[in-house]
Visitor: 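Handing you this structure, nothing more for now.
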2 protein chains.
Amino acid sequence: MDNRTNILECATELFCEKGYDAVGVQEIVDRAGTTKPTLYYYFKSKYGLLESIIEEYYGRFLERLETVSVYQGDLPNTLYTTCREYLKMAIENKTMYLFTVSLIYSARENDSYRAIRPYMVKTHEIIVKIFEQASNELENMNGRQQQFASGFEGIVNFYLIYYFEIGEPRIDIDEIGKNLVDQFMYGIYS
Amino acid sequence: MDNRTNILECATELFCEKGYDAVGVQEIVDRAGTTKPTLYYYFKSKYGLLESIIEEYYGRFLERLETVSVYQGDLPNTLYTTCREYLKMAIENKTMYLFTVSLIYSARENDSYRAIRPYMVKTHEIIVKIFEQASNELENMNGRQQQFASGFEGIVNFYLIYYFEIGEPRIDIDEIGKNLVDQFMYGIYS
DNA sequence: CACCTATTATACCAATCGGTATATAAGTAT
DNA sequence: ATACTTATATACCGATTGGTATAATAGGTG
């Protein structure tokens, strides 16, 4: 494995374990078996390293999300397909997923939050688009696309964290996805 | 205001803004207009200061939660009362609530998580107790009290973060509480 | 071979980190 | 008046922070 990838992976591990601020650059290069100038050669700063880590995971996630979230002429089905992919991606990269969640809830003036924000916004835009295209299906949708999108993202994240927490050995994406969309749609119509 | 309270409040502000690790002890005493030995006199370490901040808010929260969560012979009503108090407390202390959420999602090996964990556990125990006392109401409850408790806590936190995020100027506790419990109960029975 | 660019390490930087030894002032109890 | 406790500041500690100046070492290309 090349040095860049190695540093990236060791940093990811450490950030997930201890958090961005609690990990020193020296600690990262020690684990990677290299030295600081090498790290600063590939990533120009500690913050640049964080950005690269997020881009590595979240970039791929956004590509897939954009692909699967195309409107199918039916809201529950579109949500179901989107939800399945969301769950799948998170389960495949559990550690990174939990790390990004911790970043999302981190302090607003912290570098961690600054780094994750553009990806949060982009994710939100993709989900909002689903509800915009479903406007004809739901009466009184006016201006509530943002609200529904936040709600949907929130409930998916909540299910994920919940199932990771109780340590379900085998998570059935199809079943959870169905329950989740059902419960969400119930919330919308009530 | 005495020096101890002043340090406590300044530290709370800074931790909420930037996160525990990103704030230095010097920065805290500068804002409080005092010096480090004073801080170390009242709280024996930076970690002790964090513990005091959490205890200040979460201690009161747990007391109230324990009081209102007594079982009323009816699950939805008990949940509704508990939920109302949970929402009320969070809305009254919005900044501190959001700070504790950020701690809950912080890295497992970070001091922030170590400090919040006992309070998370205690909260969970209180909610579990509700579902244990409702065992006669729900068939097939065996061993799922923990699951329901996690689910309930999750959905309440999700609603709160969601409403704080969209910046609803006036949050109707009664209405949100009702919707929330309804949606949760629907999830249980389906 | 000579040249060039991409990598990597040694050794260092000022600044900040969490924390403390020591001194002092003010109040209080004997 | 003496002794003790509480509360605060000056000045310092070694260790670590993120980051870099410099130089050596590759590997490929003319």
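Below, chains carry the letters A, B, ... as their sequence lines are ordered, and counting in each starts from 1. Owing to the predicted nature of the structure, the values given are computational and were not obtained by experimental measurement.
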Visitor: Identify, residue by residue, the members of residues 11-27 of chain A with a heavy atom below 4.0 Å from DNA chain C, and return them in order of residue number, or none.
Guide: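 The answer is none.
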Visitor: Any side-chain heavy atom of Y97(A) within less than 4.5 Å of one from N157(A)?
Guide: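 Sidechains of N157(A) and Y97(A): in contact.
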Visitor: Give the intermediate values and the outcome of side chain to side chain donor-acceptor pair (under 3.5 Å) for residues D30(A) and Q26(A).
Guide: CA-CA 6 Å; D30(A) 281 351; Q26(A) 190 62 51; 3.1 Å; yes
Visitor: Flag the pair F158(A) / F158(B) as yes when their ring centroid distance falls below 6.0 Å, and as no otherwise.
Guide: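 Here the rings of F158(B) and F158(A) have centres that are no less than 6.0 Å from each other.
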Visitor: Examine V101(A) and M120(A) and state if one hydrophobic cluster contains both, with Ile, Leu, Val, Met, Phe, Trp and Tyr joined whenever side-chain heavy atoms are less than 4.5 Å apart.
Guide: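 Yes: a chain of side-chain contacts under 4.5 Å links V101(A) to M120(A).
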Visitor: Give me the distance, rounded to whole Å, that separates dA7(D) from dT22(C) when you measure between the P atoms they each carry.
Guide: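 22 Å, rounded to whole Å.
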Visitor: Is the shortest side-chain heavy-atom distance between M96(A) and Y58(A) below 4.5 Å?
Guide: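 Heavy-atom side-chain distance check fails, nothing below 4.5 Å.
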Visitor: Could you check whether the rings of Y20(A) and F15(A) sit parallel, tilted or perpendicular, using 30° and 60° as the cut-offs?
Guide: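 Rings of Y20(A) and F15(A): perpendicular, as their planes differ by over 60°.
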Visitor: Among residues 30-42 of chain A, which residues get a heavy atom nearer than 4.0 Å to DNA chain D?
Guide: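 DNA chain D contact set from residues 30-42 of chain A: K36(A), P37(A), Y40(A).
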Visitor: Does the side chain of I91(A) reach to within under 4.5 Å of the side chain of Y163(A), using non-hydrogen atoms?
Guide: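 No, side chains not in contact.
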Visitor: Name the one of L62(B), T100(B), T95(B) that satisfies side-chain contact (heavy atoms from CB on, under 4.5 Å) with Y57(B)?
Guide: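 Testing each of L62(B), T100(B), T95(B) against Y57(B), the sole residue satisfying side-chain contact (heavy atoms from CB on, under 4.5 Å) is T100(B).
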Visitor: Can you check the F43(B) CZ to dA7(D) P distance for me, whole Å?
Guide: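 Those two atoms, CZ and P, are 12 Å apart.
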Visitor: Checking Q72(B) against T81(B) for the side chain to side chain donor-acceptor pair (under 3.5 Å) test, could you report, in this order, the C-alpha distance in whole Å, the side-chain angles of both residues, the deciding distance, and whether it holds?
Guide: CA-CA 9 Å; Q72(B) 304 164 0; T81(B) 315; 3.0 Å; yes
Visitor: With heavy-atom distances below 4.5 Å as the criterion, would you say the side chains of L180(B) and F152(B) are in contact?
Guide: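 Answer yes - side chains close enough.
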Visitor: Need two values: the first and the last nucleotide of DNA chain C, 5' to 3', having an atom under 4.0 Å from any heavy-atom of chain A.
Guide: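 Contact boundaries, 5' end first: dA6(C) to dT10(C).
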